[in-house]
Amino acid sequence: MSGFRAPKGTFDLLPPRSAVVTTVREGLAAPVRRAGYAYIETPTFEDTGLFARGVGESTDIVSKEMYTFTTRGGQSVTLRPEGTAGVLRAVLEHGLHRGALPVKVWYSGSFYRYERPQAGRFRHFSQVGAEALGVEDPVVDAELVVLAADAYRDLGLSEVRLLLNSLGCQDCRPAYRARLQAFLHGLDLDEETRRRVDINPLRVLDDKRPEVQAQLGDAPLVSDALCAACQAHHATVQELLADASVAWDDAPRLVRGLDYYTRTTFEFVHDGLGAQSAVGGGGRYDGLSEQIDGPPLPGVGWALGVDRTVLALAAEGVAVPDPHRVEVFAIPLGAQAERQLFGIVTALRRIGVAADIAYGGRSVKGAMKAADRSGARYALVLGERDLAAGAVQLKNLDSGQQWPLPIEEAVALVEAELTTPSFSGTEESAR
RNA sequence: GUGGGCGUAGCUCAGCUGGUAGAGCAUCGGGUUGUGGUCCCGAGGGUCGCGGGUUCGAGUCCCGUCGCUCACCCCA
């Protein structure tokens, strides 16, 4: 190895695992693409202020996990720690919210948080996200939750659980917050947590330390403090999820780490990842637009962790097929044959047949091994004798049977064979 | 930021109370004048993370350092 290594908390995505990741990305995005969400791409870094105000000053993300640096021009920018703030900024900047509502978009990309890495947690990670802006209708909340649940199910995961909660709105949250603060002030908490009580008391509920949880038994719950409108909203979301046969657990303590959530919040968890259990999560963020100087613009969204979904699949032992293997592998014996087969392989590729070829005059045995490893169903073998006979050998790698094909018709015959196999493998090999 | 575990071949690891660096898998080649998946044979591949110390002698013991990893906090 060279002296350089991948930076702490990052990892290289290498074959064959990279094929799994590609498939997972596509799988996580497939349901939203079928539901009218359009692709959006925003910069990997943004003005630091966007995250400070959008994600929230009181969050751990902003207070200690941001990759922030100053540009040559003196501007402070930050590698995005999450996707919603950038998407909302782009929508507002370009006035998409002045057009047809809701604005429904999805994205896929890399995100960055300066944390100590551990199982399932990296400084550079990958997620697929979706946002629906401009509609307060609880149907959108339910739609997104259902689409995420479908994504996990379609990938073959059966042990993902959905946690659901409502955090209330600007009308009912302040009173609840005050009650909660009063309760929390009476507890025996460490200094950092006491500070959190003052800044963002709801997040104390989400503390997973047993000594903290033990004291929270009598804590007032948001679910008991919701106003009529929030209660109705939450009830509708629940009815729609039930109608869609999506199961959930009520999680009255679920708060999540970002400040902007209102009303519906949810998290998808999996127990096979080590200490990190969330594979995806999201919620409604009706006040976020105003926080970044935009007009009132309700929104809901989620982000699903690609790396963690891969871990979940591994934990459940779900095999992910690699759709990108080749179908035909060419084995040339000699320079003349190599030239001929290169032409045939190129022609096959141009008509959409995935094909590969052995290079550099390696031994037939070695080339056959390469063909075997490639996953191809067929090998094309061409040597001196075949050239003299004007034929190329088509070998079925499953049955081991082999037939000569006229070189000029090889491309068309191979294509036909792939769609409707006619060489059954019961004929005699024609070597 | 705090704590535990681990650094030996591309990968997974063995290496005893200090005494000439090993295995399996993988790779490449041969066994078969032009045929893979099984089998047999062979080959290449290592500053034992790095630096210092103890010793006649350190992969092994001691100190430091870097890296990886798991966990806490928090989150995807």
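In what follows, chains carry the letters A, B, and so on, assigned in the order in which the sequence lines appear, proteins first and then strands, with residues in each chain numbered from 1. Scope of the values below: all heavy atoms of this structure, side chains included, with no hydrogens, waters or symmetry mates.
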Do [X] and [Y] get their side chains close enough for a donor-acceptor pair, meaning under 3.5 Å?
X	Y	result
A:Tyr37	A:Glu143	yes
A:Gln170	A:Thr262	no
A:Thr42	A:Arg89	no
A:Glu417	A:Asn396	no

Do [X] and [N] have a side chain to base donor-acceptor pair shorter than 3.5 Å?
X	N	result
A:Glu115	B:A76	yes
A:Lys365	B:G31	yes
A:Arg385	B:G34	yes

Write down the partner of [N] under the Watson-Crick or G-U wobble criteria, each distance required to be under 3.5 Å.
N	value
B:G46	none
B:G1	B:C72
B:A26	none
B:U20	none
B:U54	none
B:U60	none
B:G34	none
B:G67	B:C6

Would you kindly give the [atom1]-to-[atom2] distance between [X] and [N], to the nearest whole Å?
X	N	atom1	atom2	result
A:Leu333	B:G36	CG	C1'	14 Å
A:Leu341	B:G34	CG	P	16 Å
A:Trp302	B:A76	CH2	P	13 Å
A:Asp372	B:G36	CG	C1'	5 Å
A:Asp12	B:G10	CG	P	16 Å
A:Phe11	B:C68	CZ	P	14 Å
A:Ile357	B:U35	CD1	C1'	16 Å
A:Asp398	B:U35	CG	C1'	15 Å

Does [N] have OP1 or OP2 under 4.0 Å away from a side-chain N or O of [X]?
X	N	answer
A:Arg121	B:U69	no
A:Gln118	B:C70	no
A:Thr309	B:A76	no

Most 5' of A:Ala376 and A:Asp307 on RNA chain B, judged by nearest nucleotide: A:Ala376
Toward the 5' end of RNA chain B, by each residue's nearest nucleotide, A:Val306 or A:Gly274: A:Gly274
Which nucleotide sits closest to the side chain of [X]: [options]?
X	options	result
A:Glu65	B:C28, B:C74, B:G30	B:C74
A:Gln276	B:C72, B:G29, B:C68	B:C72
A:Lys8	B:C68, B:G37, B:A71	B:C68
A:Arg116	B:G30, B:A71, B:C74	B:A71
A:Gln393	B:C70, B:G34, B:G36	B:G34
A:Ala119	B:G67, B:G34, B:C70	B:C70
A:Leu397	B:G36, B:A76, B:C72	B:G36
A:Gln402	B:U35, B:C72, B:G36	B:U35

What contact category does [X] fall into here, base, sugar-phosphate, or nothing, at under 4.0 angstrom with non-hydrogen atoms?
X	result
A:Lys395	base
A:Gly383	base
A:Lys369	sugar-phosphate
A:Val279	sugar-phosphate
A:Gly120	base
A:Arg373	sugar-phosphate
A:Phe268	nothing
A:Ser363	sugar-phosphate

Stacking of A:Phe125 on B:A76 base (centres under 5.5 Å, planes under 30°): yes
Check: A:Leu157 and A:Glu316 side chains under 4.5 Å, non-hydrogen atoms: yes
Measuring only the [atom1] atom in each nucleotide, how far is [N] from [M]? A whole number of Å is fine.
N	M	atom1	value
B:C70	B:G64	C1'	24 Å
B:U55	B:C74	C1'	49 Å
B:C39	B:U47	P	31 Å
B:C61	B:U54	C1'	8 Å
B:A71	B:A9	P	25 Å
B:C11	B:G45	C1'	13 Å
B:G4	B:U8	C1'	23 Å
B:G7	B:A43	P	29 Å

Closest non-hydrogen atom pair, A:Ala315 against A:His270: CB-CE1, 4.1 Å
Minimum-distance pair of heavy atoms, taken over all atoms of A:Arg325 and A:Arg373: NH2-O, 2.7 Å
Residues A:Asp154, A:Arg34: salt bridge by 4.0 Å N-O rule: yes
Salt bridge present between A:Lys369 and A:Asp372 (N-O < 4.0 angstrom): no
Within 6.0 angstrom of A:Tyr114 OH, more than 12 heavy atoms from elsewhere: no
